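Scroll down for the structure; my scribbles are underneath it.
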There are 2 protein chains.
Amino acid sequence: MKKYVFSFEEGSKDMKELLGGKGAGLAEMTRIGLPVPPGITITTEACKEYYEKGQKLWPELKEQVLEKFEELQKKIGLRFGDKENPLLVSVRSGAAVSMPGMMDTILNLGLNDETVFGLAKNSNNERFAYDSYRRFIQMFGNVVLSIDHSKFEKILEEIKQTKGYEQDVELTAEDLKEVVKRYKELIKAETGKEFPQEPMEQLWLAVEAVFKSWNNERAIEYRRIKNIKGLLGTAVNIQAMVFGNLGDDCGTGVCFTRNPATGENELFGEYLPNAQGEDVVAGIRTPLPISELKNKFPELYEQLLDIKKKLENHYKDMQDIEFTVQKGKLYLLQTRTGQRTGFAAVKIAVDLVNEGIIDKKTALMRIEPESLNQLLHKRIDPVAKEKHKPIARGLPASPGAAVGKVVLNSKEAFELAEKKEKVILVRTETSPEDIKGMNAAQGILTQRGGMTSHAAVVARGMGKCAVVGCSDLIVDEDNGIIKVKDLTIKPGDWITLDGNTGEVYLGQLPLVEPDLSGNFETVMSWAKEVKTLGVRTNADTPKDAQVARNFGAEGIGLCRTEHMFFEGDRITAVREMILAGTKEEREKALNKILPMQKEDFYKLFKVMDGLPVTIRLLDPPLHEFLPKEDEEINSVARELGVSPEVIKEKVQNLMEVNPMLGHRGCRLLLTYPEITEMQTKAIMLAAVEAVKEGIKVEPQIMVPLVGHYEELKRVREVIERVAQKILEENNVDIKYKVGTMIEVPRAALTSDEIANYADFFSFGTNDLTQMTFGFSRDDIGKFLPTYLKEEILEDDPFKTVDIKGVGKLMKFTLENGKAVNPNLSVGICGEQGGEPRTVDFCREIKLDYVSCSPYRVPIAILAAAQAEIRRENKN
Amino acid sequence: MKKYVFSFEEGSKDMKELLGGKGAGLAEMTRIGLPVPPGITITTEACKEYYEKGQKLWPELKEQVLEKFEELQKKIGLRFGDKENPLLVSVRSGAAVSMPGMMDTILNLGLNDETVFGLAKNSNNERFAYDSYRRFIQMFGNVVLSIDHSKFEKILEEIKQTKGYEQDVELTAEDLKEVVKRYKELIKAETGKEFPQEPMEQLWLAVEAVFKSWNNERAIEYRRIKNIKGLLGTAVNIQAMVFGNLGDDCGTGVCFTRNPATGENELFGEYLPNAQGEDVVAGIRTPLPISELKNKFPELYEQLLDIKKKLENHYKDMQDIEFTVQKGKLYLLQTRTGQRTGFAAVKIAVDLVNEGIIDKKTALMRIEPESLNQLLHKRIDPVAKEKHKPIARGLPASPGAAVGKVVLNSKEAFELAEKKEKVILVRTETSPEDIKGMNAAQGILTQRGGMTSHAAVVARGMGKCAVVGCSDLIVDEDNGIIKVKDLTIKPGDWITLDGNTGEVYLGQLPLVEPDLSGNFETVMSWAKEVKTLGVRTNADTPKDAQVARNFGAEGIGLCRTEHMFFEGDRITAVREMILAGTKEEREKALNKILPMQKEDFYKLFKVMDGLPVTIRLLDPPLHEFLPKEDEEINSVARELGVSPEVIKEKVQNLMEVNPMLGHRGCRLLLTYPEITEMQTKAIMLAAVEAVKEGIKVEPQIMVPLVGHYEELKRVREVIERVAQKILEENNVDIKYKVGTMIEVPRAALTSDEIANYADFFSFGTNDLTQMTFGFSRDDIGKFLPTYLKEEILEDDPFKTVDIKGVGKLMKFTLENGKAVNPNLSVGICGEQGGEPRTVDFCREIKLDYVSCSPYRVPIAILAAAQAEIRRENKN
């Protein structure tokens, strides 16, 4: 016959599927000799059969439960329903995967009008006994008999009011007897039946209630959403009760085996003497910090230290435990791996390796890559933060923290920053024209825009704190003020941004600097040893490049040359170029930009000495470089010595209905080959200069937006012609590569043709995602939130690569491209390149490298190491 | 030994690859006994070996040429270089594929200072002999010796000036001797050598010149562009000269064996007595129409009729011939299949079947599907057209012709049309708000926009003549006038449009009505018998649907419901719906639209009785329905009783950066399910009403812009819920289908998932092309013309499906979709659906049907038949 019931002694942590997570945990702790109140677990298989058998408990099952329950009673020496000294139990559900929505807990099961006397006598505490009884009836009535919780609360309130009590503790034993009486009347009235007095009947009903909760609406919905399939059902855990509220030698607590905030190797948690778990939650009494137990309850403290050691040695990780002390004896009710901050994760991982408990690879798997973000940036001093309330909350677009004076326009931000003032740039939304001001500001705050808006993307690229889409804010640019509800903020007022949470504070909060030495460095060095996937950076400035290189970037995977077009005075030359009527005029303007771009590239080569530098030729449509507002148009017109109408007309002419799908990328390079020529010249002249100084350069010239091999072929011809000429003139031999972004679906579909003309591919997954989904990143605000909320999409495809759609194109490209051109190197430089799940996918399809913004480099490195270890573990 | 040289008698039409097209044609005519001046052909293989042997003629080749040439001389009874009666030959190149750029023709080869006497004596015409000689030297000097043509012309001009002549014919024999002398001096000066007097040397040099021309720049470029590969080289044809300029019993002519404009079974062409081909081209004398030969040269006419019969019986098609008459004897110099109009193509095909010359399938293959356009629409009377000059020229966006008074706005167009006035709507460009006016107008003329602009697409859909992107025009809407260069056109002025050519005429030109009975009907019935691919129509109105059904459409493949939103007063309700703040308000507005939409659908079901009607739910972004201009905003505000600011704000809110990739299609249906509900209701209520009247309905509800199966699944749930309710309430059982457009690349990539929730797929190749290429149709004007001109792209992918990219997605979708859901029906409803190459591709990948605008239905039917026959012929 099938075994449906296991005592805790019979199970282990490897039997999760059969016993559920909770049951397996309790069994494991029992197995390794930790003090766990004894109990039994009814298997998930029994739950499955319960449904197959038409939702009825069947004889074999009942027999096995009774048999194991008999053993349990013998072991403890107490009996169910014993009027003198009754056994009481808790009943809890527990599937293989933690699942909110299922029935939680029934405590004190076994109490009835008679056993309550025994409990009173034995505990020598009548009030305790009746309080336990009324709690049991309430829980049972609610979860087993489906009577609304509030109906019980109402009775309790009425009695308290009659007596003039404020708090539950004021209720006497006699009051509680009255409560019990009225609770039972309620149950009779609601169900038409008496509250079941027979403990075994109570138990069977509770077991069925657990089984039934497996298929309640919330649980089904949760499984659907999380795509949880293939589970048998829920297990039922029946465990002997222990009480923390039987006197001063009793108590209850929760505790982490290490500090979950800092990772310090110390017990961390709270303890409430003479109390049950519920009381801690209720928050009426203040619990003691665990550290104080050392003096106040030294024995208990020793017991906990002992447990900590056993648990950590066994689970090989920091644990989060729940315990109850009954008459001086400590019982464990739960243990699980503890949640921790990024700081703690890194310290604990390194400490555990040093303590010989885990190896390096296990340590690497323990750190959530995204949590490194906390270590890489400034943050608001946690102590100060607790004392302040945010005035508004937006999207945490770029991590870190920033303090500065409010400035409402980029020009002013730049000017004040020049005077060493700290400023926060606040805008309705930002545009490429704001780059200079954004760069000068401590942080950026916008009223509109999402996680992938211009402000968000640029700020992340700069590693600069940003809060965007802060709709509590109204930026009144006309009057030069900001309104937040009733509050008015003026330029010059101090504010503080928390880029990790999206919170905005009034005033100057103290910041804490990041510390990247010590444990962080250690973890990074381990990760680099393990990973095989290359990690490069998306960087447009020598400063960013240096940051990334310090973090371990192995080259530049994407340098967006257009960002350089906005810097300093060169935007004037760029605009001249755009306004030019002839090729000659255009070339003249381009010649002004040439020396500046050359200098930019030279500096990048210098920082990246010995590593590849991938430079993307001009990508955005030309209208992005022209002014939009009247005032600015006038000022540009003066600067260029033309009439404002000329500029307005040009802006009008260049306007596009769908600029995303318009005249940009290689389309621009093909219609204006002189741009290709100028940029190639700048790159190769910079390379020549660098080489002459002994710098090792690896220029990789990248053509954007290719969708047809002819496009790449023709741009490549121009690049090679110009490059060859410069190398010959300078009598230098430099190996350079020419490749393309794969960002148009057609490029992926025809990658076998394009690979003939490319030395490398780089997935531009931002655009590739836009076109594959038909989602404009600038416009998804109108429907993507709904899609995510209603789980039409599981993830924002701009955050993590959509494996089924975009990923299919990537895999296809990789296979077809390399089949045609075995030397083809393939990377990714879209925003997702630094996101751990994407990094894992890139490793899966055997990409050569990922490239991401500088501050995501450590995250990508760790994720790459984890991807590697995951695959080693699979084999 | 390899055979390098063939006499005409030895070849045939099947030896094109070896003898070239011209050589094979001459051989074939010789073979079937037509009078062709004798000659020989040097093979393309010889050309190939010429290059392999380092560009030298080799002994074996020369031997074979000499041997065949000897035979030729014997056959004719004349000898090369004979001073008394010399043989003269022409030398012409000819590859397997007609190829401009290669050397053309050298005539009169064999003449020299001695044989010219023989020619003079024999022809009894000294002038003729020296004229022939000087022409030979000039051609030889130019094409063999590479001396610039103009240098010869200069000499000729000088002599004419000295003599005071105006025309060449005034040159006497003596003058021509002088020309010859100076030509020879020129050659000596340019090449350092004497003009070769030895006829065999002339011949060898000419043969080499032909071989060399195979690899000249223009020929190589032509082959690259046309992707012509695998040819060996060019053949060389050496043929005995005949002369049409030896007297009045001589002449030269070109002639079609049937009328190429009308298809009438009559000789059609021109004849010039006593002349050479060159003289016809020079246009100094007016040739006779062939029909006049009947009286003037009855014998010649009889000969031609005889030739016509022989040729047509042999080639089984109308031929285009060149001939020369020498001393009363007719010689054929070339025959090829004649170009013809659509009218002629249809008539000739039917006639040839009736005459028993070809079968029906061959006849169907003879008609260029696109040429049917000429038959389907009105056209300008060709006679009247010849007499007028167009004032401007735009893109021929929609075929046909239209005469009307100029109107500059849609409202007025509608009002005048109500008064039975004929109007032409002239706009800078059109928007959906113009639909009403476009519908009322005879034709549409726009200043901006391409072949896929709004005006073009809508006009084609309506089968209405349109000329777009007519940049000669300046529509000055402020002053209510149109300027065309110096000309000013005012509202009320008459103009005439030619939608087949894009020409615009001032005034009223007479039009000719199309005739769709007779031969056209016959061809259509044959095509329908043969084709297997289904042909449906894209139609939004009962009128369009009726036109399409008359043309043979087998259902509606796409009904765009949004077009109905603009009709009559319903746009007001639509705007109310958009401005609604709550779901309830929205539903209230939608309820106003419901009865109107229901009526629309009912009418479509009625017209399409017994055939499927595919209705696409709302697709465009809502902002398309709101007014844009201040004046209109004010008027709408008054109409709806809100302030203009409310509307302006809504317009602002709904504005999108890339509307193409924005909040539209199923994204709209999911965020506003009440739209889905209303449209489903309208469709099902209409179906119920129709069924109750005995109409057979097949409603197919199509969800646009799906990219993820969840989207379709959820919209489908709403549709089924609403539909089920209506069917139950009405106690009617109607089989309806729910499917989706495949227009987002991700839909194609995940078609195996989506197919689980779809009864049918329909490729929206317009959007699929936009997203696969990343081309916005509204913005390609800035780069696509350059791409096509420079052959970066071979075709406009919006005209014909891009097989390598978009086609790959289509094939993948079809295979994966049908694998998951074998009952899935798959069609195409993008604009390309009616384009013959696309139709062929759809047949290739085994699509179930194509759907296109009504006036393209016949074209698609013929193309589908051809696709079928092509595949039968392959097997």
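Chain A is the first sequence line, chain B the second, and so forth, proteins listed ahead of strands; every chain is numbered from 1. What you see is a predicted model, and the numbers here were worked out from it, not measured in a lab.
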How long is the span from the [atom1] atom in [X] to the [atom2] atom in [Y], to the nearest 0.5 Å?
X	Y	atom1	atom2	answer
A/I792	B/Y709	CD1	OH	11.5 Å
B/D779	A/E656	CG	CD	4.5 Å
B/T786	A/Y672	OG1	OH	9.0 Å

Using heavy-atom distances under 4.5 Å, tell me whether [X] contacts chain A through its side chain, its backbone, both, or neither.
X	value
B/D802	side chain
B/L793	side chain
B/H663	both

Inspect the surroundings of [atom1] in [X] and state if more than 12 heavy atoms from other residues, nucleotides or ligands are less than 6.0 Å away.
X	atom1	result
B/K811	NZ	no
B/E629	CD	no
B/E717	CD	yes

Query raised in the report: Between B/R664 and A/F783, is any pair of side-chain heavy atoms under 4.5 Å apart?
Result: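 Side chain of B/R664 against side chain of A/F783, heavy atoms only: no contact under 4.5 Å found.
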**Report entry** 4.5 Å side-chain heavy-atom contact, A/R667 and B/K782
**Finding:**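 No. Closest side-chain heavy atoms not under 4.5 Å.
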Query raised in the report: Of the listed residues (B/R714, B/K808, B/E711, B/E743), which shares the most heavy-atom pairs with chain A below a 4.5 Å separation?
Result: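 The option with the most such pairs is B/R714.
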Report task. Name the member of B/A747, B/A748, B/G805 that forms the most heavy-atom pairs with chain A at distances under 4.5 Å. Result ->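 Top option by heavy-atom pairs under 4.5 Å: B/G805.
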Report task. Give the minimum heavy-atom separation between B/L661 and A/M660, together with the two atoms involved. Result ->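 Reported closest heavy-atom pair: CD1-CG, 3.7 Å.
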Requested in this report: For B/P659 and A/V657, work out which heavy atoms get closest and say how close.
Outcome: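 Looking at all heavy atoms of both residues, the closest pair is CD-O, 3.3 Å.
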Query raised in the report: Hey, mind stepping through B/D778 and A/N658 against side chain to side chain contact (heavy atoms under 4.5 Å, CB included) and telling me if it holds?
Result: CA-CA 7 Å; B/D778 297 301; A/N658 297 292; 4.0 Å; yes
Query raised in the report: Of all residues at least two apart in sequence or in a different chain, which pass the side chain to side chain contact (heavy atoms under 4.5 Å, CB included) check with B/T428?
Result: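 With neighbours one apart ignored, the set is B/Q447, B/R448, B/V475, B/E477.
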Report task. Examine whether an atom of A/E753 lies under 4.5 Å from a heavy atom of chain B, and if so say whether it belongs to the side chain, the backbone or both; otherwise answer neither. Result ->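 Only the side chain of A/E753 comes within 4.5 Å of chain B.
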Requested in this report: Report the C-alpha distance between B/T772 and A/M771 in whole Å, list the side-chain angles of each, state the deciding distance to 0.1 Å, and finish with yes or no for side chain to side chain contact (heavy atoms under 4.5 Å, CB included).
Outcome: CA-CA 7 Å; B/T772 303; A/M771 295 185 211; over 6 Å; no
Query raised in the report: Quick one: do the A/E710 and B/Y787 side chains pair a donor with an acceptor below 3.5 Å?
Result: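 On atom types as modelled, these side chains do not qualify, holding no pair under 3.5 Å.
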